[in-house]
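Here the structure is laid out as structure tokens; the discussion comes afterwards.
All values below were derived from every heavy atom in this structure, side-chain atoms included, with hydrogens, water molecules and symmetry-related copies excluded. Quick caveat, the model's predicted, so the values are computed rather than measured.
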Amino acid sequence: MEIKELQQADVAELKEGVHGYSSETNWVKPENPITLERLEWFKDQKLALMMHWGPYSQIEVESWILSDEDGDWARKDVDWTSDYEEMKREYFGLNRTFNPFRFQPELWAEIAAEGGFKYLIFTTKHHDGYCMWDTHTTNYRITGSETPFHAHRYADVCKHVFDAFRSKGLAIAAYFSKADWQSPYYWAPGMERGSNTWRGPSYSPEEYPWLWEQFVDFTHEQIMELMSRYGRIDILWLDAGWVKDSDQVKQDIRLGEVVERARQTQPWLLSADRTVGGPYENYVTPEQTIPERPLNVPWESCITIGTQWAFKYDDQYKSGRELVRILMEVVSKGGNLALNVGPQPDGRLPAGAVKSINELGGWMKVYGEAVYGTRVCGPYFAGSCAFTSKGNTVYCTYLYESADQAVAKLVHIPYKEPVSGIELVGSDALLQVERTPEGISITLPDCELNGQAPIAHVFRMQKGEEAK
């Protein structure tokens, strides 16, 4: 394949590092009854903590800066050099200074559990190829001899993170990039492209099948290490959607082969092969966005608590109020929400992110019944109202934009189905309710009108015939 074709291939997969997401028509319903059962489990969880962490946390930008073809947007924060070949060498040398000696996995897990999260999505390997587990396939790893952290008691980061989060009852999703820009089997030296890098391989897999086969074996071995040596893994969360059996640049890593192999020992395993569609994208993953309408397939929006995926020293974090609004829009449309935080290079979680997580967790302790285990319920997300349901119970979460917003004594809910009773979650106060042509009008008790506006009022409504 010509270089020009390589440069243009599969560019629709991402725009400035943000993935699109597969259409519902590309989703394939699994035939395996265990996988179907696990998808129902997945839809019950609602809230995940995502973590992008690696040596790149030292420079506040992720591995995308390595791709020359993505340089226009990825290198906006590269302000220390204009020599990009030297920058690549510096980037790949970050393993020699990565020493997160303040890393406390048990504290991470405690913060996540208190925040109301039900599963973890952790970057075992980003596109740069740096492995956060004790792999036997490469020395470019957290336990490698060049990384100063390799002798620390928590050196096998994935092991200690996974164990700590499981101990708090959270499930585990292993993020794994199918691309590997450090591997000589993917970005192979001495090929026609020379030093001009892009997100795909430095060669045509069709012209060099023997080299591509080495990369396939390498990838399978890494995945199976994670699937066989690190305890129960609930989800294999696969990034780099351009690595696929495409009509343009064929990068078939025979994913089905390794997933089915993993399911021999982990039959419950879900696979999220992002943007690829087909039988191994068990759920779709909108990124930094929420679909305009409910989707008829399992899905999960991954959204940053701050402004970017990796740690940034002066990042601005969304408030607990903002996180609740995002969560309720996602859940009311039938999805899960994965909130990302980038740990600091020293191993701590940023204080601003922790503050927001704590605010979210405090809200979830009171109102989580309107979130966990729920399913969609029309009119879904309408105005200030997010609707969810559980059996014969319908929840309306009435959201307030800010603490300064005036709380009206009369709250209007656009729900027209009959209900036999309405309660205010978290309060024993009696409510005055009136049916209107537009839905339901609720008179709030005086105790709810004093002080700042809450994040939301949550109303619990029972389906049934209304009293005449």
Side-chain angles (χ1 to χ4, degrees), residues 46-47 114-116 290 294 318-337 339 355-464 466-467:
K46 303 304 181 189
L47 188 57
E114 288 297 306
I290 303 171
K318 299 175 181 68
S319 67
R321 183 181 297 270
E322 291 175 285
L323 297 182
V324 170
R325 173 170 283 272
I326 292 169
L327 172 65
M328 294 315 301
E329 181 174 357
V330 167
V331 171
S332 68
K333 294 177 179 178
N336 286 10
L337 175 62
L339 288 173
K355 179 177 183 293
S356 299
I357 288 170
N358 289 341
E359 291 171 0
L360 174 62
W363 191 86
M364 291 291 282
K365 282 181 173 66
V366 180
Y367 303 107
E369 65 176 274
V371 179
Y372 304 121
T374 60
R375 295 295 183 267
V376 294
C377 173
Y380 314 111
F381 192 76
S384 298
C385 297
F387 292 90
T388 54
S389 67
K390 191 183 300 180
N392 288 322
T393 303
V394 173
Y395 296 95
C396 173
T397 302
Y398 190 92
L399 297 153
Y400 295 91
E401 290 282 354
S402 72
D404 297 330
Q405 181 178 346
V407 178
K409 191 168 182 66
L410 284 178
V411 174
H412 301 283
I413 296 175
Y415 187 76
K416 296 183 178 181
E417 299 300 317
V419 295
S420 60
I422 301 179
E423 300 169 297
L424 182 62
V425 176
S427 172
D428 295 328
L430 296 176
L431 301 177
Q432 296 179 23
V433 178
E434 181 181 351
R435 173 62 68 179
T436 69
E438 293 75 27
I440 299 171
S441 179
I442 300 174
T443 301
L444 291 175
D446 290 341
C447 61
E448 297 295 326
L449 307 178
N450 300 323
Q452 295 182 324
I455 290 175
H457 281 118
V458 180
F459 300 99
R460 184 193 299 116
M461 305 184 290
Q462 299 301 321
K463 299 177 183 178
E466 297 179 3

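Across every non-hydrogen atom of E417 and R435, the tightest pair is O-NH2, 2.8 Å. Residues A453 and Q405 approach most closely at CB-O, 3.3 Å, considering heavy atoms. Between R460 and Y395, the shortest heavy-atom distance links the atoms CG-CE2, 3.8 Å. Scanning both residues, P379 and P414, for their nearest heavy atoms gives CG-O, 3.3 Å.
No side-chain donor-acceptor contact under 3.5 Å links S441 to the backbone of E434. Proximity of a side-chain donor or acceptor of T388 to a complementary backbone N or O of V371 within less than 3.5 Å is not detected. K46 places no side-chain N or O within 3.5 Å of a backbone atom of V330 that could act as its donor or acceptor partner. Side-chain N or O atoms of R321 include none that pairs as donor or acceptor with a backbone N or O of E359 at under 3.5 Å.
Between Q462 and S420 there is a side-chain heavy-atom pair separated by less than 4.5 Å. Proximity of I422 to I440: side-chain heavy atoms (C-beta onward) are separated by under 4.5 Å at one or more points. Residues V407 and Y398 fail the side-chain proximity criterion, which asks for heavy atoms closer than 4.5 Å. Side-chain contact check for T397 versus S332: every heavy-atom pair is 4.5 Å or farther apart.
Between F387 and Y415, the ring-plane angle classifies as parallel under the 30° and 60° cut-offs.
A distance of 7.0 Å separates CG in L431 from CG in L444, rounded to the nearest 0.5 Å. Between atom CD of residue E448 and atom CG of residue N450 there is a gap of 9.0 Å, rounded to the nearest 0.5 Å. Summarising the geometry, atom CZ belonging to F459 is positioned 5.0 Å from atom CD1 belonging to I413; distances are rounded to the nearest 0.5 Å. For the atom pair CD1 of I455 and CE of M328, the computed distance is 12.0 Å after rounding to the nearest 0.5 Å. Separating the CE atom in M364 from the CG atom in L47 is a distance of 5.5 Å, to the nearest 0.5 Å. One finds the CE atom of M461 at 7.0 Å from the SG atom of C377 (value rounded to the nearest 0.5 Å).
Shown here is K355, whose NZ atom has no more than 12 heavy atoms of other residues, nucleotides or ligands within 6.0 Å. Atom CD of Q432 sits in a sparse spot, with 12 or fewer heavy atoms from other residues, nucleotides or ligands closer than 6.0 Å. Counting non-hydrogen atoms of neighbouring residues, nucleotides and ligands closer than 6.0 angstrom, the CG atom of L410 exceeds 12 such neighbours. Atom NZ of K409 sits in a crowded spot, with more than 12 heavy atoms from other residues, nucleotides or ligands closer than 6.0 Å.
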Check against side chain to side chain contact (heavy atoms under 4.5 Å, CB included), L339 and L360: CA-CA 11 Å; L339 288 173; L360 174 62; 3.8 Å; yes
